[in-house]
Amino acid sequence: MAPTIAVAPTKPKPHRQPPHPAEEEEEEVLRKRNEELERELKRSMEREEKMRKELERTWERLRVAEEAEERLCSQLGELEAEAVDQARSYRARVLSMMDQLSAAQKLLQAASLSLPTNST
């Protein structure tokens with residue numbers, strides 16, 4: 001006997017029947033809903049990116065403001081120290097002038113006591 005090759009009979013592919021109008025309508029509704037959701041997702045991602053950039057700008061402004069605050073505090077400290085030095089210097093000068101005035105008054109009093117009076 002001669003060898004034979006067995007070939008399995010192929011099943012005919014089931015014919016896809018056109019979808020029912022209700023199924024087509026449902027697919028269309030789902031497709032539209034999907035597109036709507038994709039647009040909303042895109043808008044949401046754009047808003048998120050915009051907010052992220054705004055947050056970065058705000059963060060940078062905060063950093064600059066903090067550095068400015070530090071410089072101002074440093075300058076204020078220097079000015080306070082200078083003001084204290086000036087106040088001490090002013091006080092010392094006022095005390096010195098008071099001492100000079102007091103000494104001058106004493107000299108004037110001593111001079112007026114030692115002046116001879118002419119009573120004739």
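The analysis underlying the following values was restricted to heavy atoms, covering all of them including side chains, and did not include hydrogens, waters or symmetry mates.
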Exercise. Going from OG on Ser44 to CZ on Arg47, what distance comes out if it is rounded to the nearest 0.5 angstrom?
Worked result: 5.0 Å
For this session: Determine whether the side chains of Ser96 and Arg93 contain a donor N or O and an acceptor N or O closer than 3.5 Å.
Result: no
Exercise. Do Arg57 and Glu54 meet the salt-bridge criterion of a basic N to acidic O distance under 4.0 Å?
Worked result: yes
Problem set entry | Test salt bridge (charged side-chain N to carboxylate O under 4.0 Å, His left out) applied to Glu46 and Arg43, step by step | CA-CA 5 Å; Glu46 289 169 353; Arg43 285 192 297 265; over 6 Å; no
Exercise. Just wondering, do Glu28 and Lys32 contact through their side chains at under 4.5 Å, heavy atoms?
Worked result: yes
Problem set entry | Side-chain touch Val84/Arg88, heavy atoms, less than 4.5 angstrom | yes
Exercise. Tell me the salt bridge (Lys or Arg N to Asp or Glu O under 4.0 Å) pairs involving residues 64-87, sequence neighbours left out?
Worked result: Arg63-Glu67
Exercise. Charged N to carboxylate O below 4.0 Å: is that the case for Glu36 and Arg33?
Worked result: yes
For this session: Report yes if some heavy atom in the side chain of Lys42 is under 4.5 Å from a heavy atom in the side chain of Arg39; otherwise report no.
Result: no
For this session: To the nearest 0.5 Å, tell me how far Met51 CE sits from Thr58 OG1.
Result: 8.5 Å
Problem set entry | Verify same cluster id: Leu37, Met45 (apolar side-chain graph, 4.5 Å) | no
